[in-house]
Amino acid sequence: MPNGIRMRDGRLVAFEEWGDPDGSPVILLHGTPGCRHGAVPAELMAERPGVRFIAYDRPGYGDSDRGPGRRVAQAARDVAALADGLGLGKFAVLGRSGGAPHALACAALLPSRVRRVAAMASLAPPVAEGLNWFDGMARSNVEEFTQALTDPLEFADRLAARAAAIRADPAQLLASIKDGLTDADRRIVSTPAVSEMLLRNYREALRDSAYGWLDDTLALLSHWGFDPAQITRPVLLWHGAEDTFSPVGHFEWLADRIPRARPVLDPKGSHFSALEALPDVLDWLCATPRTAT
């Protein structure tokens, strides 16, 4: 069972910990839809002694209470409250896919707490000057985001129906986005360890409702509540050039605007290739100042 932290507004945020309780803390931010089980495979965490991994369910997912109308920036407040509740000083943050913009929020809004941030396969803000936001994006994502913007009530009903189907069979989510899966994605998600993690992630995330998924999507499509250009902490931006869920133009836009960005582009990588890149990204994220480059 997860632990929980009560926020100032009364919401409960559920979290779990793995690794060394006295180790260097890394807070993990899951994708969309997702929960605390879907950020980093358990075997990768087990291979890193001296690291304390902490993952939480964003509002509306899993065991965390909903926070309707939230912005991406709220993640920084929730992460700060979680860190305070756990007695953490400084910490690192890793976000993948839908969790990556929320990780950037922590970098922007918690500069005195965050050591460094890794944002993998991130979208850019919806109002990104000079970026054709939908260029190169899978048809399923374009349709989903467009409906969320133009008919949010119908979009909410659609997500509720999809969530019900996924609760019955979590593999339905991967089937519904098959138009955006590259050959590399299909290979990665079919491996037993990744498949097991993803299916458990989707089942737990949507166990009670689709509210987390709905609120995540609306938050990503609204003003984030911060400007990536104000980030002063070191940020590793990892991206796959073949990604059709978060097209490479989003990566290029962020890399051009985040002052201390360390851009890493895998020319043959796709969306789920981020899972294969995690060992190197975690090595960078957990490096001490003396060994960091």
Side-chain angles (χ1 to χ4, degrees), residues 1-40 42 44-46 48-96 98-119 200-201 204-205 207-209 211-213 215-216 219 224-226 231-235 282 285-286 288:
M1 294 295 293
N3 296 304
I5 292 284
R6 190 69 64 178
M7 300 292 110
R8 289 185 178 180
D9 60 6
R11 288 181 297 110
L12 182 73
V13 169
F15 72 94
E16 285 195 50
E17 298 187 63
W18 299 267
D20 184 350
D22 297 317
S24 177
V26 176
I27 296 179
L28 307 173
L29 305 185
H30 61 74
T32 302
C35 71
R36 61 193 182 276
H37 299 306
V40 174
L44 286 185
M45 293 189 284
R48 279 163 175 76
V51 181
R52 180 184 184 183
F53 291 100
I54 303 150
Y56 74 99
D57 298 338
R58 279 196 298 280
Y61 287 119
D63 287 293
S64 287
D65 293 336
R66 188 187 181 192
R70 59 181 166 90
R71 289 188 174 187
V72 172
Q74 182 179 305
R77 295 194 295 273
D78 286 354
V79 166
L82 179 60
D84 289 343
L86 295 174
L88 306 183
K90 292 190 175 183
F91 49 86
V93 179
L94 183 148
R96 182 173 57 82
H102 296 85
L104 294 177
C106 296
L109 302 175
L110 302 174
S112 65
R113 305 288 298 275
V114 171
R115 286 197 315 110
R116 45 177 51 189
V117 167
R200 182 187 184 198
N201 174 52
E204 173 67 13
R207 187 187 66 220
D208 295 323
S209 76
Y211 284 138
W213 195 358
D215 296 337
D216 250 9
W224 286 3
F226 68 96
I231 295 173
T232 58
R233 304 307 301 148
V235 173
L282 287 170
L285 197 65
C286 299
T288 64

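The chain is numbered in sequence order, starting from 1.
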For the residue pair [X] and [Y], what are the closest heavy atoms and their distance?
X      : Y      : result
Leu104 : Ala119 : CD2-CB, 3.8 Å
Arg233 : Val114 : NE-O, 2.8 Å
His102 : Leu29  : C-CD1, 3.6 Å
Pro25  : Ile54  : CB-CD1, 4.3 Å
Ala80  : Leu110 : CB-CD2, 3.9 Å
Ile5   : Ala81  : CG2-O, 4.2 Å

Exercise for the section: Using atom types as modelled and distance alone, determine if a side-chain donor or acceptor of Tyr61 lies under 3.5 Å from a backbone N or O of Gly212. Expected result: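 The answer is yes, because a donor-acceptor pair under 3.5 Å joins these two groups.
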
Practice task
Report yes or no: does Arg48 contribute a side-chain atom to a donor-acceptor pair with the main-chain N or O of Gly19 at less than 3.5 Å?
Solution key: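 It does not hold such a pair.
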
Exercise for the section: Decide salt bridge (charged side-chain N to carboxylate O under 4.0 Å, His left out) for Arg113 and Asp84; before the verdict, give the C-alpha distance in whole Å, the side-chain angles of both, and the deciding distance to 0.1 Å. Expected result: CA-CA 10 Å; Arg113 305 288 298 275; Asp84 289 343; 3.1 Å; yes

I need the [X] [atom1] to [Y] [atom2] distance, nearest 0.5 Å.
X      : Y     : atom1 : atom2 : answer
Leu28  : Phe15 : CG    : CZ    : 13.0 Å
Arg115 : Ser24 : CZ    : OG    : 4.5 Å
His37  : Asp57 : NE2   : CG    : 7.0 Å
Asp216 : Arg70 : CG    : CZ    : 4.5 Å
Tyr211 : Ser64 : OH    : OG    : 16.0 Å
Phe53  : Leu44 : CZ    : CG    : 8.0 Å

Exercise for the section: Mind running side-chain contact (heavy atoms from CB on, under 4.5 Å) on Leu285 and Arg116 for me, showing each step along the way? Expected result: CA-CA 6 Å; Leu285 197 65; Arg116 45 177 51 189; 4.2 Å; yes

Practice task
Could you check Leu86, Val79, Val26, Leu82 and say which one makes a side chain to side chain contact (heavy atoms under 4.5 Å, CB included) with Phe91?
Solution key: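 Considering Leu86, Val79, Val26, Leu82, a side chain to side chain contact (heavy atoms under 4.5 Å, CB included) with Phe91 is found only for Val79.
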
Exercise for the section: Go through the steps to decide whether Asp63 and Glu204 satisfy the test side-chain contact (heavy atoms from CB on, under 4.5 Å), and finish with yes or no. Expected result: CA-CA 9 Å; Asp63 287 293; Glu204 173 67 13; 3.3 Å; yes

Handout entry: Test item: Gln74 and Pro59 side chains (from C-beta on) under 4.5 Å apart, heavy atoms
Key =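 The answer is yes, as the side chains (C-beta and beyond) meet within the 4.5 Å cut-off.
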
Exercise for the section: Determine, step by step, whether Arg52 and Leu88 satisfy the side-chain contact (heavy atoms from CB on, under 4.5 Å) criterion, reporting the C-alpha distance in whole Å, the side-chain angles of both residues, the deciding distance to 0.1 Å, and the verdict. Expected result: CA-CA 11 Å; Arg52 180 184 184 183; Leu88 306 183; 3.3 Å; yes

Handout entry: CZ/Arg200: more than 12 non-hydrogen atoms of other groups inside 6.0 Å
Key =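 Atom CZ in Arg200 is not packed in, count stays at 12 or less.
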
Completion exercise
Of Arg11, Arg8, Arg71, Arg58, the one forming a salt bridge (Lys or Arg N to Asp or Glu O under 4.0 Å) with Asp78 is Arg11

